[in-house]
Amino acid sequence: MNVKKLEQLYEGKAKKVFATDNPEYYIVDYKDDATAFNGLKKGTITGKGVINNKMSNIMFALLEKHGVKTHFVEQLSDRETLVKAVKIVPLEIIVRNVAAGSFSKRYGVEEGRELKNPTLEFSLKNDELNDPLINDYHILALGIVNEKELAEIKTLAFKVNDVMREFFAGLGVKLIDFKIEAGKLPDGTIVLADEISPDTCRFWDAKTNEKLDKDRFRRDLGGVEEAYQEIFSRINAK
Ligand code: TMP
């Protein structure tokens with residue numbers, strides 16, 4: 001599609017969003033910047049923007065094939081993608097298959113314990129408040145989405161989990177947990193938005209449990225770029 005990149009609308013920690021000459025579309029531009037702990041830790045992961053852009057698009061295309069509606073339209077360059085203009089629902093939608101990260105800390109459960117069933121939690125997307133956990137009643141009380149939309153978001157989240165879990169199992173990778181975001185099209189349709197990448201998922205090698213995601217950066221484990229490369233090359237080898 002032929003669209004012109006216009007002014008920057010927004011700059012996040014890992015991406016910039018630009019307007020285009022068509023109000024129905026935005027262009028996202030992925031950066032190599034990496035942050036953790038709500039921006040307290042800052043760094044660069046060389047080549048991350050390219051990998052996260054391409055990987056997200058592969059994941060969105062796969063999910064579309066399985067009937068999940070996404071904002072993805074077309075990759076424009078190594079770092080840029082054309083997406084449908086959506087209003088982001090200010091929730092971090094987190095699905096977990098295995099205990100790790102904040103879940104392990106909060107509930108005193110060792111990392112790596114398989115959960116009896118995939119589970120879902122929401123955080124309010126608000127950096128000033130440090131993205132606090134939020135429950136269904138709070139979401140409805142604040143009018144963030146209505147009951148029907150909340151049900152749609154939950155169905156979407158578990159569907160994404162089913163498709164991704166199977167896909168990564170085929171690559172010898174365990175999908176531990178992930179965060180997604182939903183957006184609303186002008187007609188009110190809820191679609192999957194943002195990105196799906198080693199920034200937003202935990203991936204462990206199925207045999208060795210080696211971490212192949214941003215936890216290597218968050219926890220100073222070294223081999224950060226290599227982990228992103230490893231996940232991306234497994235996806236491409238498929
Ligand atoms: P958590 O265990 O730290 O809550 O993280 C759960 C998942 O969400 C994990 O796959 C990493 C991802 N995540 C983000 O994408 N952005 C964030 O700001 C945080 C804290 C986690």
Side-chain angles (χ1 to χ4, degrees), residues 10-15 28 30-43 45 48-49 51-53 55-56 59-60 63 70-71 88-115 118-135 153-154 156-158 160-165 167-169 171 173-183 192-206 209-221 224 227-228 230-232:
Y10 173 79
E11 177 160 10
K13 297 193 200 87
K15 297 187 289 301
V28 290
Y30 286 74
K31 308 188 285 185
D32 284 352
D33 299 355
T35 63
F37 317 118
N38 200 14
L40 279 180
K41 181 182 172 102
K42 287 192 176 69
I45 302 175
K48 170 171 89 80
I51 288 178
N52 286 7
N53 181 36
M55 173 171 168
S56 292
M59 300 316 301
F60 287 139
L63 288 159
T70 79
H71 74 164
I88 291 287
V89 175
L91 293 173
E92 305 216 325
I93 305 156
I94 296 162
V95 177
R96 302 179 188 270
N97 298 305
V98 175
S102 68
F103 183 94
S104 285
K105 247 198 206 131
R106 194 181 321 127
Y107 301 118
V109 181
E110 78 279 13
E111 286 206 313
R113 192 211 281 186
E114 186 89 27
L115 301 174
T119 187
L120 174 70
E121 73 201 37
F122 296 106
S123 292
L124 179 66
K125 209 172 132 68
N126 182 323
D127 282 344
E128 273 167 43
L129 300 176
N130 226 344
D131 297 343
L133 274 181
I134 187 166
N135 72 23
I153 287 174
K154 290 179 182 177
L156 172 92
F158 285 119
V160 169
N161 188 45
D162 289 343
V163 173
M164 285 195 15
R165 227 178 155 178
F167 176 76
F168 284 101
L171 307 179
V173 171
K174 279 192 266 191
L175 178 64
I176 304 299
D177 57 31
F178 63 87
K179 185 268 302 183
I180 51 174
E181 294 181 23
L192 179 65
D194 195 50
E195 67 179 276
I196 297 180
S197 72
D199 273 19
T200 61
C201 304
R202 284 196 174 94
F203 299 120
W204 292 5
D205 181 86
N209 282 342
E210 188 191 355
K211 295 183 195 336
L212 299 171
D213 57 62
K214 194 178 169 189
D215 270 348
R216 302 204 73 85
F217 170 80
R218 294 188 189 101
R219 302 178 186 190
D220 294 321
L221 300 176
V224 182
Y228 281 71
E230 174 64 23
I231 280 289
F232 190 53

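Ligands are counted one by one from 1 in listed order, and the atoms in each one are counted from 1 as well.
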ask   = Is any side-chain N of the basic residue among E230 and R216 closer than 4.0 Å to the acidic one's carboxylate O?
value = no
ask   = Would you say K13 contacts ligand 1, with heavy atoms under 4.0 Å as the rule?
value = no
request  = For F178, counting its heavy atoms only, list the atoms of ligand 1 lying under 4.0 Å from any of them.
outcome  = 10 (O)
query = Any idea which part of C201 is under 4.0 Å from ligand 1, heavy-atom wise: side chain, backbone, both or neither?
reply = backbone
task = For ligand 1, note which part of K105 has a heavy atom under 4.0 Å away: side chain, backbone, both or neither.
result = neither
task = Could you name the option among R96, K179, E111 that has the heavy atom nearest to atom 16 (N) of ligand 1?
result = K179
query = How are the rings of F168 and F203 set relative to one another: parallel (under 30°), tilted (30 to 60°) or perpendicular (over 60°)?
reply = tilted
query = Any non-hydrogen protein atom below 4.0 Å of atom 20 (C) of ligand 1?
reply = no
Backbone N/O of K41 and side chain of T35: donor-acceptor pair under 3.5 Å = no
note = Ranked by distance from atom 3 (O) of ligand 1, the top protein heavy atom is R202 NH2, 3.6 Å
query = Just which atoms of ligand 1 are under 4.0 Å from any heavy atom in G101?
reply = 2 (O)
ask   = Are K125 and D194 close enough that some pair of their side-chain heavy atoms sits under 4.5 Å apart?
value = no
message = Determine whether a donor-acceptor pair (N or O, by modelled atom type, separation under 3.5 Å) exists between the side chain of N97 and the backbone of P118.
response = no
key: Which of the ligand 1 atoms, numbered from 1, are nearer than 4.0 Å to a heavy atom of D199   = 15 (O)
message = For R219, is there an ion pair with E111 - N to carboxylate O distance below 4.0 angstrom?
response = yes
query = Do any heavy atoms of D213 fall under 4.0 Å from ligand 1?
reply = no
query = What do the steps show when you test Y228 against D199 for side chain to side chain contact (heavy atoms under 4.5 Å, CB included), and what is the final call?
reply = CA-CA 9 Å; Y228 281 71; D199 273 19; 2.5 Å; yes
note = In ligand 1, the atoms that come under 4.0 Å of a heavy atom of R218 are 11 (C)
Numbering as shown, the atoms of ligand 1 that approach T200 to under 4.0 Å (heavy-atom distance) = 10 (O), 12 (C), 15 (O)
Distance from atom 9 (C) of ligand 1 to nearest protein heavy atom, with residue and atom = D177 OD1, 3.2 Å
key: Atom of A157, atom of L120 and distance for their closest heavy-atom approach   = CB-CD1, 3.9 Å
request  = Starting from atom 17 (C) of ligand 1, locate the nearest protein heavy atom and write down its residue, its atom name and how far away it is, to 0.1 Å.
outcome  = E92 OE1, 3.9 Å
ask   = Which protein heavy atom lies closest to atom 1 (P) of ligand 1, and at what distance to 0.1 Å?
value = S102 OG, 3.3 Å
Within-cut-off N or O pair, E121 and ligand 1, under 3.5 Å = no
K31 side chain to G12 backbone, donor-acceptor under 3.5 Å = yes
task = Please determine if D177 and R202 form a salt bridge, counting it only when a charged side-chain N lies under 4.0 Å from a carboxylate O.
result = yes
